[in-house]
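First comes the structure, then the notes that go with it.
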Amino acid sequence: MLKKDYIPDKEPFVTIGIIMPEDQAKSITINMPSDTSGKYEIRIDDHEYPLNNNSVIEFILKGEITEVHFNKLIKTTNKTISVSPVSQKKELLPKSGLLVKNVISGRDFHWKKHLDVYLPDTVEISMIDNSLFLYNKLPLEHYLMCVATSEMNAACPDALIQSQTIVARSWLLAAVEQKHKDLGLDSCNDDCCQRYQGTTHLTKQSVKGSSETAGLVALYDNKICDTRYSKSCGGMTESFDTIWEKKKVPYLKVIPDYTEKQKGFNMPLSDETNFKKWVETVPDAFCSSHSVNEKDLIQYLGTVDENSKYFRWQQYVSQEDITENLNKHHHINAGSVIKITILERGGSGRIKYLSVSYSDKNGNEKQLILNKDFIIRQSLDKSFLYSSAFIVNPHYDNNEIPKGFMFTGAGWGHGVGYCQIGALGMALKGYSAEEIIKHYFPGSELKKIY
Ligand SMILES: [Zn+2]
Ligand SMILES: [Zn+2]
């Protein structure tokens with residue numbers, strides 16, 4: 001595993017979770033590639049068995065025993081089984097490597113899908129908590145070539161792919177989050193860390209993008225920057241402490257995602273009146289339709305996102321749905337939601353605190369305080385709100401109780417650091433990868449570490 005606050009001087013190997021214990025997989029199927037991409041072997045209980053090209057391996061968990069079916073059947077209670085190349089072409093090719101079926105993308109989000117993914121290098125399978133767990137071990141630069149196109153489509157301009165690769169490399173090497181440390185993973189394959197779909201969408205352009213930036217990271221104060229990113233900031237990035245813990249990270253602060261001063265808007269956006277005007281209009285930002293046409297966005301974005309309304313969006317949630325969702329996530333006994341009040345916003349308008357007034361099933365009026373970006377987005381809509389930078393308008397029938405709530409919001413994701421659509425807007429305007437990185441991480445420098 002990568003270590004925090006350590007700058008490697010040669011390319012490290014990384015371990016990426018693909019089928020996670022929480023996916024509760026009882027069986028896994030892996031298809032061997034055809035002979036063009038090299039030979040593989042499987043290692044079970046300290047024995048190596050050669051694998052035939054185009055063959056299929058099935059792992060089936062039966063209690064404590066994993067059955068491994070290939071050209072023979074082996075039953076094992078051993079914790080780890082590995083499938084690795086005996087010889088391999090150096091260069092990564094699109095759709096090369098092992099084909100793993102039914103991998104979940106968008107875990108816990110409304111864009112959740114099952115995909116078949118091609119994984120380069122070594123795949124290991126182990127048993128954890130009565131489930132099969134599959135992860136990919138590979139050199140960092142191979143991983144990054146794949147991340148660049150899993151996160152965004154390869155039709156993107158060079159400066160975008162280069163900057164995305166530098167950001168993905170720095171984020172992983174900074175190793176600040178390590179959300180799956182207990183599983184020994186540097187990252188998972190999903191939006192919770194960085195979206196990774198192996199060589200499935202790899203293109204020559206993404207290979208070129210990472211080769212051109214190999215070993216290049218963003219540094220601040222001689223440490224690798226925690227280069228967090230999200231899909232769209234909504235025109236203003238958010239500070240680290242609004243979304244996570246009360247700690248100032250100097251290069252993760254509120255910055256306007258544009259260069260020309262915006263006319264007609266008052267700042268800061270933490271002010272309710274200023275934010276209302278901001279969210280109800282489309283300012284000229286790098287991530288707005290002034291820089292990136294929303295019709296064109298689909299050709300640039302990765303394959304998982306199909307809705308192209310990210311910069312400004314609206315979502316209506318009915319009284320029934322919001323009550324049910326709040327009861328589910330907070331174990332309360334709400335009968336109906338009466339009012340939602342914003343208590344405090346951060347500098348991009350993302351909400352730090354809000355209160356939900358509701359009457360419980362006995363008719364008593366109660367209050368629930370929601371205080372984290374993730375919790376706010378998860379609690380108010382069962383399909384997860386795009387961001388916490390929103391205003392709420394209740395809709396009424398002839399009743400005193402609202403029949404539902406209209407959320408009008410800005411951006412997709414936490415909005416801290418690198419804005420992916422904004423970086424696309426900058427690249428389309430001719431900015432270089434270095435200029436893009438320095439815009440989103442003010443005060444940072446680029447350095448080649450290996
Ligand atoms: Zn993760
Ligand atoms: Zn932006």
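Any value given below was found using the heavy atoms of this structure, including those in side chains, with hydrogens, waters and symmetry copies removed. Remember, it's 1-based here, ligands and their atoms both numbered in the order they're listed.
With the Zn ion (ligand 2) as the vertex, atom SG of Cys419 and atom SG of Cys233 span an angle of 120° (nearest 10 degrees). Angle SG(Cys287) to the Zn ion (ligand 2) to OD2(Asp257), rounded to 10°: 110°.
Under a 4.0 Å N-O distance rule, the pair Lys276/Glu272 does not qualify as a salt bridge. Residues Asp241 and Lys248 are paired through a salt bridge, judged by an N-O separation under 4.0 Å between the basic side chain and the carboxylate.
Around the Zn ion (ligand 1), the protein contributes the following N, O or S atoms at distances under 2.8 Å: His180 NE2, Cys188 SG, Cys192 SG, Cys193 SG.
Within the 4.5 Å cutoff, the side chain of Tyr135 has no heavy atoms near those of the Val123 side chain.
Aromatic ring centroids of Tyr229 and Tyr440 lie 6.0 Å or more apart. Note: Phe374 and His414 fail the aromatic proximity criterion, with ring centroids not under 6.0 Å apart. Aromatic pair His439/Phe286: ring centres closer than 6.0 Å.
Taking the six-membered ring for Trp and thresholds of 30 and 60 degrees, Tyr386 and Trp412 have ring planes more than 60 degrees apart, a perpendicular arrangement.
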